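Note that the coordinates shown come from a computational prediction; the quantities given were computed from them, not determined experimentally. Proteins get letters first, then strands, A, B, ... in listed order; numbering begins at 1 in each.
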2 protein chains.
Amino acid sequence: MVGIRRLAQHLDISIGTVSRALNGRPDVNEETRKRVLEAAAELGYAPNQAGRSLRRGATSAVGFMIESNDESESNSDNFFLGVIGGLTGALAQHNLDLVVLPCSTSEDPHDYLQRIVVRRLVDAVIISATQRNDRRIPLLKKAGIPFIALGRTGGADQHAWVDLDFEGVAHKAVARLAAKGHKQIAVAVPDSDINLGHVFRNAFVDALAQNGLPFDPDFIICAKSSEHGGYTVGDTLLAMKNRPTAVVLVYEMMAIGLYRRLSEAGLVPGRDLAVVGFREGPLARFLSPALTCFRMSLLDLGTGLAEGLLATMPAFPDLYRAEPVQKLWPMELVEGESDAMEV
Amino acid sequence: MVGIRRLAQHLDISIGTVSRALNGRPDVNEETRKRVLEAAAELGYAPNQAGRSLRRGATSAVGFMIESNDESESNSDNFFLGVIGGLTGALAQHNLDLVVLPCSTSEDPHDYLQRIVVRRLVDAVIISATQRNDRRIPLLKKAGIPFIALGRTGGADQHAWVDLDFEGVAHKAVARLAAKGHKQIAVAVPDSDINLGHVFRNAFVDALAQNGLPFDPDFIICAKSSEHGGYTVGDTLLAMKNRPTAVVLVYEMMAIGLYRRLSEAGLVPGRDLAVVGFREGPLARFLSPALTCFRMSLLDLGTGLAEGLLATMPAFPDLYRAEPVQKLWPMELVEGESDAMEV
DNA sequence: TAGGTTTTCGTAAACGATTACGGAGATTGT
DNA sequence: ACAATCTCCGTAATCGTTTACGAAAACCTA
């Protein structure tokens, strides 16, 4: 393996000069720099990451912590892959690698992250699937590791995050349904301790109030964020004596299950029950009737996350900003037929 | 940050002894070892990864190279997440981290991998989406990096790989269709230079021969491995004067597009055209009529990949085997209604 | 008890890169 | 011509950990 030593003796200069030449330091003759650069390309030299990290005290890597669902049951489809694409692109421009840190669902995310952090495996981290009271936040703050969260937390403390604009989604969905005459609108939220459920629930309640609609606690339906969860939402709806005329869902997989349950009951979405989904996934186009839902660019979301993270890293003084980025990511309505009915 | 130095001075012993105690070396008093372990836990010590990597010449990380499709168009959904779950579990048992290396589709995978390898970012790699003549193989061999491929390559050279049992799938699919009287069976394969297409195509031709069925080159349909690709497969089929009575697909997303195209033409899968899909994804259960396809455990696949990789790593002498693992992963038929018709 | 063996631990040299420091030439100023 | 300045580069320390080597102490054997 060719290191800086071999490069230096090949050029018959000192390793210090080689290093300076490669790192763009000013105190090196331009003629020498050119020779070094050429030799490096010729010999296929690249700095050893371990040596560099040790000396610099930084790894040039940021971690993206996701929970790797052990079996394919769950909701997340191409979501993370899309975000990862945006992240890598934006980070690569600053010579940062992305390290995906998949936390098994059988392990406590806090403990997993602690192991990563204390070993100094990455310079900064992105956490996802944030909980209402997420212990990872104080951990990262105490360790002084720059971070950003994909998803708000419940805490009042300030930290950088990017989240989907649930308020906007809830407002658009409810306003649209209200305009069609719906007065009894239900919402399905995930039953896990993930913060998303709370946020979406609150946004929904606010949207109801803004549209002058009454709020019935029974209309908040908790379910697993999976296809089967959507099926159980159908069960719940069908069992209600005072059945809502419309329902708003999170996760496209829920929509699939609900469609199936309705179909079994001889009901048609958009005719017997207005359905508004959340994120437009690859399935939404196929569902019949077409699902009214919301669209976003996963690539842009990843880019936005990267920018927000870089702004928290003192190692990038030109991008650094004192106040943490807190950004709601807009989603655009995709009109379908699943909420076509008027009432 | 607490390092081995602080730990040593806190215990008033030398750093050498601390290191030996932590690494389970025999030449340290058990009483001393216990004290060191306790102090390490108390002070929250964990070895700095950069220092350790530099000294050991190994990073304790294996890379999993995937291509991160820039936009959500493409096929891969929960596939990688599932495999990652299996990988992390199996690797963690040997104190190995998994680093996901997402290669942007705009970059040459070979160049991307070279940058990773030359910087010694990982000890071993798993490559996926192998091409027929994959330049990454000689790169890794030359660099002496242990690796395993998820997907066979076309080359005759020996290296470790795990691949799906396309032969088994093709044979089961064709035999099943032949038993129902089908004589004109088409197959849709991806049009990219990924090796999967060639393998699947060959397996299909073999299966035809084994079942005494004629082979018509027109019945090999190339398409993008996406929902839209499936739609174009439908276009191609409908435009044929001598239309096949059955079609076998790869990728579940293709099935969705094909269903949509057939529906637009007023045709029903399983009645007007027998459809056999490939991998059972979260969507297959929902398609109506239910898609006949094949099932596998992504978790087990990940575990198998990890085992095959460990067997190539000299750093694990007890697992090391001279001959590289080459394993076809079986898939189990999931009976649906999409190929119910007889002819 | 002398000599040999074993146990336990401290010392110091690596690993590969970065960078503060200082020195040798070359250049400029008076 | 002498000093001051500037340009360029070599030397060596350093990051945190591992490990070969040797030494001290303890233990055994005859």
Next on the checklist: If I take atom CD in residue Q9(A) and atom C1' in nucleotide dG16(C), what distance separates them, rounded to the nearest angstrom?
Outcome noted: 14 Å
Checklist entry - Where the side chain of R20(A) is concerned, which of dT8(C), dC9(D), dT18(D) is the nearest nucleotide? => result dC9(D)
Checklist entry - What's the CD1-C1' distance between I15(B) and dA14(C), to the nearest Å? => result 12 Å
Next on the checklist: What is the separation between atom CD1 on I4(B) and atom P on dC15(D), rounded to the nearest whole Å?
Outcome noted: 14 Å
Checklist entry - Quick one: the side chain of R56(B) and the base of dT18(D), do they pair up donor-acceptor inside 3.5 Å? => result no
Next on the checklist: Any base atoms under 4.0 Å from N48(B), or only sugar-phosphate, or nothing? Heavy atoms, all strands.
Outcome noted: sugar-phosphate
Item to check | Proximal nucleotide (of dG10(D), dC9(D), dG16(C)) relative to the I13(A) side chain | outcome: dG10(D)
Next on the checklist: Between P on dA17(C) and CG on L22(A), what's the gap in Å once rounded to a whole number?
Outcome noted: 9 Å
Item to check | Nearest-Å distance for atom pair CZ/P, residues R120(A) and dT17(D) | outcome: 12 Å
Item to check | Cationic N near anionic O, under 4.0 Å, E107(A) to R115(A) | outcome: yes
Next on the checklist: Base of dT18(C), side chain of R55(A) - is there a donor-acceptor contact under 3.5 Å?
Outcome noted: yes
Checklist outcome for this item: Looking only at dG10(C), dT17(D), dA17(C), the nucleotide nearest the T17(B) side chain is dG10(C)
Checklist entry - Looking at the side chain of L54(A), which of dG10(D), dT18(D), dG16(C) is the nearest nucleotide? => result dG16(C)
Checklist entry - When the distance from NZ of K34(A) to C1' of dC8(D) is rounded to whole Å, what number comes out? => result 17 Å
Checklist entry - According to a strict under-4.0 Å criterion, is T32(A) in side-chain N/O contact with OP1 or OP2 of dC8(D)? => result no
Checklist outcome for this item: Residues L91(B) and A306(B): closest non-hydrogen pair is CD2-CB, 4.0 Å
Checklist entry - Would you say dG16(C) has OP1 or OP2 under 4.0 Å from some side-chain N or O of Y45(A)? => result no
Checklist entry - What is the nucleic acid contact for G57(A), judged by heavy atoms within less than 4.0 Å: base, sugar-phosphate only, or nothing? => result nothing
Item to check | Interatomic distance, L305(A) atom CG to L298(A) atom CG [nearest 0.5 angstrom] | outcome: 11.0 Å
Item to check | Rounded distance (Å) that lies between atom P of dT18(D) and atom CZ of R25(B) | outcome: 9 Å
Item to check | Taking every non-hydrogen atom, the tightest pair across R136(B) and A129(B) | outcome: NH2-O, 3.5 Å
Checklist entry - Which part of the nucleic acid does S53(A) contact within heavy-atom distance under 4.0 Å: base, sugar-phosphate only, or nothing? => result nothing
Next on the checklist: Can you tell me which nucleotide in dT18(C), dT8(C), dG16(C) comes closest to the side chain of R5(A)?
Outcome noted: dG16(C)
Item to check | S14(B) vs G51(B), nearer the 5' end of DNA chain C by closest nucleotide | outcome: S14(B)
Item to check | Nearest-neighbour nucleotide for the P47(A) side chain, dA17(C), dT19(D), dC9(C) considered | outcome: dA17(C)
Checklist entry - Nearest nucleotide by nearest heavy atom, which residue falls closer to the 5' end of DNA chain C, E30(B) or R52(A)? => result E30(B)
Item to check | Atom pair distance, as rounded to whole Å: CG in D27(B) and C1' in dT18(D) | outcome: 12 Å
Item to check | Minimal non-hydrogen separation, I13(A) against R35(A), with atom names | outcome: CG2-NH2, 4.1 Å
Item to check | Test: R56(B) and D123(B) ion pair at under 4.0 Å | outcome: no
Checklist outcome for this item: Which of dG16(D), dC9(D), dA17(C) is nearest the side chain of N29(A)? It is dC9(D)
